[in-house]
There are 4 protein chains.
Amino acid sequence: MTPRMQRKKKKKKKAILDAAERIVADRGMAGMTMGEVADAADVATGTLYLYFKNKGSLLAAVNARLNHQVNIYIKEKMDLKKTGLEKVVAMGQATVEFFMENPQKWKAVTELYQMKVQDPHDPNVQDFLEVTNEMVQMMAQAYQQGIEEGSIRQDLDPVATAIYNRMAFGNAFTPTTEQKMLLEHNKITPERYLSVAWGLISHSTRGVLLEKKVKKS
Amino acid sequence: MTPRMQRKKKKKKKAILDAAERIVADRGMAGMTMGEVADAADVATGTLYLYFKNKGSLLAAVNARLNHQVNIYIKEKMDLKKTGLEKVVAMGQATVEFFMENPQKWKAVTELYQMKVQDPHDPNVQDFLEVTNEMVQMMAQAYQQGIEEGSIRQDLDPVATAIYNRMAFGNAFTPTTEQKMLLEHNKITPERYLSVAWGLISHSTRGVLLEKKVKKS
Amino acid sequence: MTPRMQRKKKKKKKAILDAAERIVADRGMAGMTMGEVADAADVATGTLYLYFKNKGSLLAAVNARLNHQVNIYIKEKMDLKKTGLEKVVAMGQATVEFFMENPQKWKAVTELYQMKVQDPHDPNVQDFLEVTNEMVQMMAQAYQQGIEEGSIRQDLDPVATAIYNRMAFGNAFTPTTEQKMLLEHNKITPERYLSVAWGLISHSTRGVLLEKKVKKS
Amino acid sequence: MTPRMQRKKKKKKKAILDAAERIVADRGMAGMTMGEVADAADVATGTLYLYFKNKGSLLAAVNARLNHQVNIYIKEKMDLKKTGLEKVVAMGQATVEFFMENPQKWKAVTELYQMKVQDPHDPNVQDFLEVTNEMVQMMAQAYQQGIEEGSIRQDLDPVATAIYNRMAFGNAFTPTTEQKMLLEHNKITPERYLSVAWGLISHSTRGVLLEKKVKKS
DNA sequence: AATGAATGAGGATTCATTCAT
DNA sequence: CATGAATGAATCCTCATTCAT
């Protein structure tokens with residue numbers, strides 16, 4: 001294959017992923033049909049299957065790419081910070097920023113949270129796992145550093161905490177139908193809800209050091 | 001209708017709900033087919049539609065009943081406690097207990113978290129909302145009491161916090177595929193994960209009073 | 001059975017027929033469900049089957065009753081006239097009158113025009129046939145009289161003409177979807193259409209005598 | 001798409017339309033199931049939906065094609081004639097001929113007369129309307145010409161008359177169950193009925209000129 | 001006679017996936 | 001590689017009719 005053809009191929013794969021991401025954001029995973037993706041990506045239905053084994057694999061790939069993009073963005077921001085606490089805070093802020101700037105990706109990631117893995121051996125599923133774990137490790141390191149520095153609670157298990165907080169954060173961003181109904185019912189705006197959630201999440205990991213600072217101010 | 005027939009009808013409705021709950025736990029909402037439910041409930045397909053307008057309504061009813069059962073269980077435990085903090089803790093423990101004892105319900109509730117409401121005017125959907133809100137209000141009251149007593153952070157919005165924590169808790173119990181994969185990958189047992197999550201959630205609302213105590217000890 | 005019970009039974013049958021007629025007018029034959037009829041007649045579903053063997057039989061009964069009512073009305077008006085031509089004209093006018101005054105019955109009769117007979121031995125179907133034939137015979141007699149008087153074309157077959165004109169008339173009143181679309185497209189109002197149709201139908205049977213009169217005037 | 005594939009596609013569409021037409025003739029519109037059509041056309045059920053949006057659209061397409069075929073046949077015969085009256089007569093004769101030669105199409109067209117349009121924006125419905133209107137305009141022109149020539153009644157509205165007569169004619173050809181029963185009961189053959197109907201329809205529009213001729217003879 | 005809950009066959013439609021071109 | 005027509009299993013829902021009470 002010539003380099004030009006490789007580029008072309010990559011382009012087509014990207015077009016498919018873009019289309020799928022957009023449609024998942026709009027209509028949800030179950031609402032996304034392969035035909036629609038093909039149309040939106042301007043390729044034939046059959047072509048999808050040249051690049052992705054099946055629908056599940058395509059969804060996994062979308063999910064992996066999406067998480068990868070978030071990771072890159074977050075990592076950049078975290079790397080600018082020194083202390084563990086700063087990094088943790090930066091991560092939260094960066095996540096908020098990223099999704100605020102990309103509402104479509106936000107919607108898509110919400111939907112994909114509920115993705116069910118059919119075939120764990122699927123390369124795209126593996127990819128997705130790796131990408132996700134990458135972020136978890138990054139967060140865990142920040143927690144670990146914060147623990148050592150005293151700004152994060154010493155009794156925390158960094159990895160489990162990272163996994164939980166990652167999810168908690170995602171869910172704060174993407175309330176389920178139930179939550180939406182409850183919020184509406186209680187006249188709480190999504191923005192307020194997000195702020196409350198973020199407050200709770202941050203607070204849940206704060207260590208002694210921070211509490212002192214807080215009390216001073 | 002004779003009382004005897006009323007009893008029979010109630011029984012049948014219960015059988016359908018039981019079947020649906022079981023199948024949702026096993027195969028998920030999308031995987032649940034009306035035919036299967038009918039078979040499992042030992043009624044004809046058409047009979048389902050005598051009791052529930054459509055699939056969405058049946059799912060909402062399952063969800064409402066499930067939440068109602070949890071509510072009753074939790075309320076009982078909370079009512080035994082005096083202070084707000086105790087109530088909050090009791091709520092957490094009761095939830096854990098309930099779901100530990102009813103793994104099937106746990107699975108079902110996880111699935112139903114993602115239920116999409118089609119018709120907000122459906123009585124079963126309304127029911128579901130009411131039941132859910134009931135619990136939120138109960139939690140909010142406990143937080144409020146805790147705030148007044150000083151054991152819960154004074155800067156909290158009780159209702160929003162309740163909504164968030166309810167969900168956070170639910171999610172701690174019902175990790176998504178992604179979380180499951182991450183946990184497995186990092187060799188963290190579900191039990192450990194739950195305990196970590198619960199620790200974080202509790203900590204996130206702790207007030208000055210508690211912190212003082214903690215520091216002393 | 002006591003006379004009182006007989007009355008009661010008759011009343012129930014009437015209620016069912018009334019309900020069915022109304023629903024056929026509103027939603028068409030296919031759109032009419034037995035459950036809906038039962039509800040509207042304030043009886044149980046099963047009760048319908050005590051009075052009518054099946055849906056087809058009920059529809060036939062509705063159709064028979066409807067035609068019977070029209071017959072009575074028309075016969076009354078025709079009996080007031082002397083000559084054959086007058087009778088024919090009276091029949092046309094009476095039909096128009098009747099349906100103008102009973103739009104619901106008009107709609108119902110339209111729908112029932114397309115009734116398909118499943119079981120020709122059904123008593124209600126037989127009834128319907130008899131009633132319909134009654135009117136045909138009445139019209140045929142009027143034509144016959146007109147022929148003898150010279151006001152109706154002498155070459156006509158009275159019975160076949162009656163059958164055709166009865167239908168033509170009915171259709172003038174109850175245009176099909178196709179006709180409605182054509183009329184709308186050509187900006188012809190239903191009233192105008194009815195008048196045109198009636199003019200054509202009348203003209204189609206006029207005999208020499210009338211034509212002379214017409215030419216004179 | 002290669003020309004060869006286009007041909008194939010056309011062929012398949014034709015096969016579907018043929019099958020649908022045949023089945024509608026046999027079992028009526030409501031009796032026609034999509035599965036049966038697919039079987040008869042030797043395609044999969046899903047294939048039907050590649051060519052027709054839904055059942056209603058398929059029926060409209062069958063109806064449009066059928067009318068188009070009749071139109072072509074009639075137009076050919078009418079174009080051979082000079083005077084308006086001749087054209088009108090030719091139209092009647094051609095219609096009779098066409099349906100005598102195609103009894104299945106006759107039956108189908110009868111059924112489709114009662115087609116209810118669900119979606120007026122459906123292209124096939126639009127097609128059907130256009131085709132139908134085409135014939136109406138053709139007939140209206142012939143009437144107009146006849147009026148000018150004096151062989152058709154001068155007081156006629158050509159378009160409304162055309163619409164009515166088109167329908168009247170169609171109905172003469174396709175008696176409803178009711179008519180069939182009446183005809184049978186009165187021992188009138190369908191052929192005789194058709195001839196009577198045609199006589200009435202022709203007579204209904206005859207003008208002065210013709211009447212003079214008639215009186216002479 | 002009356003009830004109305006229960007039945008279950010039947011039908012329209014969708015959509016992931018395949019495969020001949 | 002690319003196409004897109006074809007597939008057909010799968011699923012929700014309706015409703016005429018029955019029958020135990």
Side-chain angles (χ1 to χ4, degrees), chain A residues 1 5-6 8-9 12 30-39 42-58, chain B residues 1-2 4-6 8-9 12-13 30-39 41-58, chain C residues 1 5-6 8-9 12 30-39 42-58, chain D residues 1-2 4-6 8-9 12-13 30-39 41-58:
Chain A
M1 191 169 15
M5 280 181 67
Q6 276 190 355
K8 223 174 162 184
K9 210 184 142 175
K12 205 160 275 193
M32 175 194 105
T33 72
M34 295 302 266
E36 209 181 355
V37 173
D39 277 0
D42 208 37
V43 297
T45 330
T47 307
L48 299 183
Y49 290 84
L50 293 175
Y51 293 89
F52 302 96
K53 209 176 67 220
N54 51 34
K55 189 180 175 180
S57 193
L58 170 54
Chain B
M1 192 165 20
T2 65
R4 194 165 161 278
M5 280 190 68
Q6 278 188 354
K8 223 174 160 183
K9 236 191 122 171
K12 202 158 278 189
K13 189 165 189 175
M32 175 192 105
T33 73
M34 294 303 264
E36 208 181 356
V37 173
D39 277 359
D42 208 37
V43 297
T45 327
T47 306
L48 299 183
Y49 291 86
L50 288 178
Y51 294 88
F52 303 96
K53 210 175 65 226
N54 50 37
K55 189 180 173 181
S57 193
L58 170 54
Chain C
M1 195 173 3
M5 280 182 67
Q6 275 189 357
K8 223 174 162 184
K9 213 185 140 175
K12 206 160 274 192
M32 175 193 106
T33 72
M34 294 302 265
E36 209 182 355
V37 173
D39 277 0
D42 209 37
V43 297
T45 330
T47 307
L48 300 184
Y49 289 85
L50 293 175
Y51 293 90
F52 302 95
K53 211 175 67 221
N54 51 35
K55 189 180 176 181
S57 192
L58 170 55
Chain D
M1 194 167 15
T2 65
R4 191 162 163 282
M5 279 188 69
Q6 277 187 356
K8 222 173 159 184
K9 235 190 124 170
K12 203 158 276 191
K13 189 166 190 174
M32 176 193 105
T33 72
M34 295 302 266
E36 209 182 354
V37 173
D39 278 358
D42 208 37
V43 297
T45 329
T47 306
L48 299 184
Y49 290 85
L50 289 178
Y51 293 88
F52 303 96
K53 209 176 67 224
N54 49 36
K55 189 180 173 180
S57 193
L58 170 54

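What you are looking at is a predicted structure, and each value in this text was computed from that prediction instead of being measured. Proteins come first, then strands; the chains are lettered A, B, ... in the order of their sequence lines, and each starts at number 1.
Put simply, CG on Asp39(A) is 14 Å from C1' on dA5(F), counting in whole angstrom units. At whole-Å resolution of the value, CG in Asp42(C) and C1' in dA2(E) are 13 Å apart. One atom, OH of Tyr51(B), and another, C1' of dA6(E), lie 8 Å apart when rounded to the nearest Å. Following rounding to the nearest Å, Leu58(B) (CG) and dC13(F) (P) show an atom-to-atom distance of 10 Å. Separating the NZ atom of Lys13(B) from the P atom of dA6(E) is a distance of 12 Å, rounded to the nearest angstrom. Residue Leu48(D) contributes atom CG, which lies 12 Å from atom C1' of dG8(F) at whole-angstrom precision.
Here the nucleotide nearest the side chain of Leu50(C), chosen from dT3(E), dA2(F), dT7(E), is dT3(E).
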Pairs under 3.5 Å (N/O, protein and nucleotides 9-12 of chain E):
unit_1: dA12(E); atom_1: OP1; unit_2: Met32(D); atom_2: O; d: 3.4
unit_1: dA12(E); atom_1: OP1; unit_2: Lys55(D); atom_2: NZ; d: 3.1
unit_1: dA12(E); atom_1: OP2; unit_2: Met34(D); atom_2: N; d: 2.9

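Atom OG of Ser57(C) is separated from atom OH of Tyr49(C) by 10.5 Å, given to the nearest 0.5 angstrom. We find the CG-CG distance between Leu48(A) and Asn54(A) to be 11.5 Å, quoted to the nearest 0.5 Å. Rounding to the nearest 0.5 angstrom, the gap separating the CE atom in Met34(D) from the CG atom in Asp39(D) is 12.5 Å. Residue Thr45(C) holds its OG1 atom at 12.0 Å from CD of Glu36(C), rounded to the nearest 0.5 Å. For the atom pair NZ of Lys13(D) and CZ of Phe52(D), the computed distance is 5.0 Å after rounding to the nearest 0.5 Å.
Taking the side chain as every heavy atom from C-beta outward, Lys55(D) and Val37(D) never approach each other to under 4.5 Å.
With DNA chain F read from its 5' end, the first of the two nearest nucleotides for Thr47(A) and Lys12(D) is the one closest to Thr47(A).
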**Report entry** side-chain contact (heavy atoms from CB on, under 4.5 Å) between Leu58(C) and Met32(C), intermediate numbers included
**Finding:** CA-CA 11 Å; Leu58(C) 170 55; Met32(C) 175 193 106; 3.9 Å; yes
Query raised in the report: According to the Watson-Crick and G-U wobble definition with distances under 3.5 Å, which dot-bracket string, read 5' to 3', encodes DNA chain E, using [ ] for crossing pairs and | for pairs with another strand?
Result: .||||||||||||||||||||
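In this structure, Phe52(D) reaches neither bases nor backbone, as no heavy-atom distance under 4.0 Å exists between it and the strands shown.
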